[in-house]
Amino acid sequence: MAEHRYDPHEIEPRWQSVWASERTWEVSNERGADGRGDGRGGFARGGSQTQSAYVLEMLPYPSGEPHIGHLKTYSVGDAIAHFRRRLGSRVLHPMGYDAFGLPAENHAIRTGVHPRVSTAESIASFQRQFRSWGISIDWSRELATHEPSYYRWTQWIFLELFRAGLAYRKEAAVKWCPKDQTVLANEQVDAEGHCERCGAVVEVRQLEQWFLRITDYAERLLGDLDVIEWPEHVKTMQRNWIGRSEGAEVTFRCEELGVDYPVFTTRPDTLFGATFFVMAPEHPDVMRLSRGTPNEQAVHDYVNHALNETNEERGNAEKPKTGVPLGRTVTNPVNGEQIPMYVADYVLMEYGTGAIMAVPGHDERDYAFARAFQLPIRRVIAPSDSQATPEPEADEDGLPYGGDGVLVNSHPDFDGIGNREALGAIVAWLDREGKGHASVNYRLRDWLVSRQRYWGCPIPILYCERCGMVPVPDEQLPVELPDIDDYTPKGRSPLAAAEEWVNTRCPSCGGSARRETDTMDTFVDSSWYFLRYCDASNERAAWDPAALREWMPVDQYIGGVEHAILHLMYARFFTKALADLGHLDFQEPFQALFTQGMVTKDGSKMSKSKGNVVSPAAIVERVGADTARCYILFVGPPDQDADWSDEGVDGVHRFLSRLWRLAAETAERAGAPVAELAGPAAAEGDDLDLMRKTHWAIDKVSGDLRRFAFNTAIAAVMELLNDCSRLRDSVGVDTLRFALGTAASLLFPFAPHVCSDIYELLTGERVWEQPWPEADEALLEREVYELVCQVNGKVRDRVQASADAVPETLKDLCRAAPNVRAHVDGREIVKEIVVPGKLVNLVVR
RNA sequence: GCACCAGUACCUUAAUCGGUGAAAGGACCGGUCUUAAACACCGGUGAUCCGGGUUCGAGCCCCGGCUGGUGCACCA
């Protein structure tokens with residue numbers, strides 16, 4: 001027999017060139033009339049494809065080379081795409097690049113190489129590697145966000161939002177990264193106040209910037225989380241980020257200045273316990289209120305100090321409370337009390353109205369402040385049951401008390417009423433008196449999208465001396481990004497130096513005008529790319545609505561959990577806004593989401609500084625793409641983190657090697673390939689066992705693929721191969737051919753090259769054109785099985801039982817088993833438990 | 001501090017409705033093949049975090065604890 005050696009470096013390029021030259025994975029937007037769907041697409045002899053599926057992995061940012069995380073994402077996505085194709089769907093599985101962004105620009109500053117050049121190199125390297133991995137991509141729809149043909153439509157969407165009032169300029173206290181020299185969105189600053197990209201501590205600056213009105217969509221972004229199939233922890237993160245709270249807006253009046261100050265509170269039931277009033281240092285009225293009072297200088301100093309604090313210093317709840325009295329009072333609307341006003345940094349300008357009513361008896365923070373400044377602390381809610389647990393820092397009176405109870409020390413109309421009930425009554429009263437109303441508040445803020453950087457999509461707005469702010473007319477789009485010489489950030493956009501580009505004519509009056517020089521946050525580019533794939537080469541519109549009807553929404557989206565808030569929230573917002581503008585007829589872009597875990601090495605995140613980076617290119621070079629892909633899916637559940645191990649890779653490589661070799665030998669033994677893949681009609685003995693194992697594997701892999709349990713699916717094929725090896729000489733060649741062909745068919749979504757090869761060797765056919773195999777129910781059930789005989793829950797014997805035996809028969813079989821009799825003899829059977837197909841348990845005394 | 005998730009062999013994972021003597025791969029050890037080794041094949045060692053409870057029967061359900069991970073955390 002000839003020597004058979006598994007050689008992925010011969011097999012893989014051979015199949016890749018078949019898929020490339022036949023354009024196997026391309027799909028058109030119209031379902032073909034020839035009964036094969038598209039006429040070309042990857043599937044299914046004879047079957048008409050009535051379903052469409054859109055499988056999408058998150059848009060990669062092309063920087064240098066793909067890393068191991070990309071390999072995992074696309075291994076998962078490709079497995080899903082292949083599975084759905086072979087279940088009978090036309091599958092859209094496209095690829096593109098998130099090509100604008102800071103790393104390319106920073107690289108340009110260091111080296112002088114234009115970002116367009118370094119980006120093109122990175123994209124070429126990504127394309128090369130994705131092809132070498134054998135990912136089934138429809139390359140005809142490839143896009144990159146930095147190409148004018150793409151960002152022309154990013155600009156169009158921006159203008160649509162602008163015309164609808166959803167894009168606007170305002171001056172606000174914004175986050176500024178001193179290292180990257182640009183403003184950032186709230187979402188791009190972590191909990192400790194660091195820049196998400198470079199890690200520098202961000203500052204707060206008062207600047208005029210472009211915002212998108214995502215807050216208008218807070219309620220819908222929250223509510224529609226209930227209708228999408230996303231991992232619960234991602235939904236929880238979005239819910240937390242949106243941060244909805246119900247309560248009331250209550251107006252406190254400063255009589256001395258005749259100004260009303262509304263505050264937001266979730267606890268209007270504690271209004272009678274408000275003993276002071278606090279404003280954020282950034283509140284615009286703080287200086288005005290203190291002017292002319294003895295505290296003016298102290299307030300001034302305090303505010304200056306507070307504004308210079310970092311988020312990290314200021315956000316620390318453990319820190320002692322600080323503040324300064326403003327020297328004014330406001331009136332508590334429910335009881336007319338004059339209560340003192342303070343400025344304190346524990347109140348945030350960004351949330352609510354930037355001012356709060358302080359109820360030290362029932363709020364820990366207000367309590368801490370009141371103790372520090374010797375302010376009155378009043379109990380207005382008494383626990384209704386005596387076992388109520390006091391707060392950790394509670395004093396001898398049990399204050400602050402955050403639980404429920406009945407109102408006390410409030411008002412004769414409310415005292416004695418349960419606080420939840422009183423809450424509604426007090427809000428109703430405020431409403432009647434015109435002093436407040438029920439209100440809902442969100443933590444979510446509007447999305448700051450302008451950036452003072454070069455390598456991004458220009459904002460298509462002009463500033464005309466006569467007409468003011470003017471959108472660039474659609475027919476003049478795209479506003480192309482000009483070439484410049486100096487990318488160095490100087491606190492304003494590098495584009496401002498491109499005088500020829502900046503100075504232009506106003507489209508409405510013809511007078512001189514200047515272009516907006518800020519560029520867009522790159523998250524804008526990636527908030528709509530999934531729409532463009534549906535109609536990627538359309539030059540007249542961003543998309544044809546018919547194309548979206550065919551594919552959107554994305555059936556299965558795949559990516560890292562690090563985008564749980566940023567990208568996934570922005571894309572949902574764009575979808576809803578574009579739907580409101582009549583451009584889409586669906587509300588959610590990603591019907592189902594799968595978030596894959598990180599790949600670590602030696603237990604920690606791969607990074608250049610740690611020197612523990614595993615390069616996908618090196619792995620593919622060593623063992624081939626099929627092994628790399630199978631290993632990364634086999635190493636553990638794909639939604640969990642997985643630690644890379646070179647020994648584990650070798651194990652998987654041996655598995656593929658054994659599979660291919662045994663298949664090649666079997667093909668040789670079987671003679672010419674036979675298209676029909678079926679085992680013997682009436683098998684018995686070892687043949688029957690292997691037939692059973694094969695159908696068990698079909699059932700197991702199909703179920704596992706449906707629930708993304710790729711690791712166990714691969715393990716099931718390993719088990720099947722083990723049985724094939726064990727029984728190779730004792731079963732007929734047909735049986736072996738069927739088992740191995742089926743193994744290749746089942747493993748194809750994970751290891752497409754070697755499985756295509758094996759399937760062709762055995763059948764002469766193309767595995768991707770075959771429908772997914774179906775398990776024969778009759779072979780999943782056994783007509784005879786081993787019945788476990790227990791006495792008092794302990795296994796004492798086993799006997800052969802027939803599958804259709806009734807419980808009475810099973811009991812008799814068990815009682816008759818020799819070793820059972822030894823344990824039962826002379827004792828009384830008090831209970832008999834029968835689990836048909838499994839066991840009988842005799843309980844004796 | 002709060003919430004969620006997880007703890008199974010030396011490692012990474014499996015065990016579908018609570019049902020056999022807990023499965024796969026790697027690692028390790030031995031055997032066959034080989035001049036020898038690698039590969040391959042055959043065989044082997046070895047585990048349910050701790051303490052209670054429910055049950056005829058618990059890795060799985062309940063209570064408490066321990067350890068690790070993730071998210072949130074001065075948001076009124």
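All values reported here derive from a predicted model rather than from experimental measurement. Letters go in sequence order (proteins before strands), and every chain restarts at 1.
Annotation: ring pair (Phe, Tyr, Trp, His ring centres under 6.0 Å) contacts of Tyr346(A) (sequence neighbours excluded): Phe369(A). For the side chain to side chain contact (heavy atoms under 4.5 Å, CB included) test, residues two or more places apart in sequence or in another chain that qualify with Glu229(A) are Gln591(A), Ala592(A). Every side chain to side chain contact (heavy atoms under 4.5 Å, CB included) that Ala709(A) has, sequence neighbours left out, goes to Asp704(A), Arg707(A), Asn711(A), Thr712(A). Contacts of Ser657(A) classified as side chain to side chain contact (heavy atoms under 4.5 Å, CB included), with partners at least two apart in sequence or in another chain: Tyr6(A), Arg661(A). For Ser725(A), the side chain to side chain donor-acceptor pair (under 3.5 Å) criterion is met by no residue, not counting sequence neighbours. Partners of His823(A) according to the ring pair (Phe, Tyr, Trp, His ring centres under 6.0 Å) rule, which considers only residues two or more places apart in sequence or in another chain, do not exist here. By the ring pair (Phe, Tyr, Trp, His ring centres under 6.0 Å) test, Tyr351(A) is found to be paired with no residue, residues two or more places apart in sequence or in another chain being considered. Under the side chain to side chain contact (heavy atoms under 4.5 Å, CB included) criterion, Val286(A) pairs with Met279(A), His283(A), Val299(A), Val303(A), Leu326(A), Val343(A), not counting sequence neighbours. Listed by chain and residue number, nothing satisfies the side chain to side chain donor-acceptor pair (under 3.5 Å) test with Asn819(A) (two or more places apart in sequence, or in another chain).
Among the atoms of the strands shown, none is found under 4.0 Å from any heavy atom of Val263(A). Base contact: Arg445(A) has a heavy atom under 4.0 Å from a base atom.
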Between the protein and nucleotides 43-47 of chain B, are there any N/O to N/O pairs under 3.5 Å, and if so, what are the atom names and distances?
none

Protein N or O to nucleotides 67-73 of chain B N or O, pairs below 3.5 Å:
{"unit_1": "A73(B)", "atom_1": "OP1", "unit_2": "Arg443(A)", "atom_2": "NH1", "d": "2.2"}

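The stretch residues 833-842 of chain A comes close to RNA chain B through Ile833(A), Val835(A), Lys838(A), Leu839(A), Asn841(A), each having a heavy atom under 4.0 Å from the strand.
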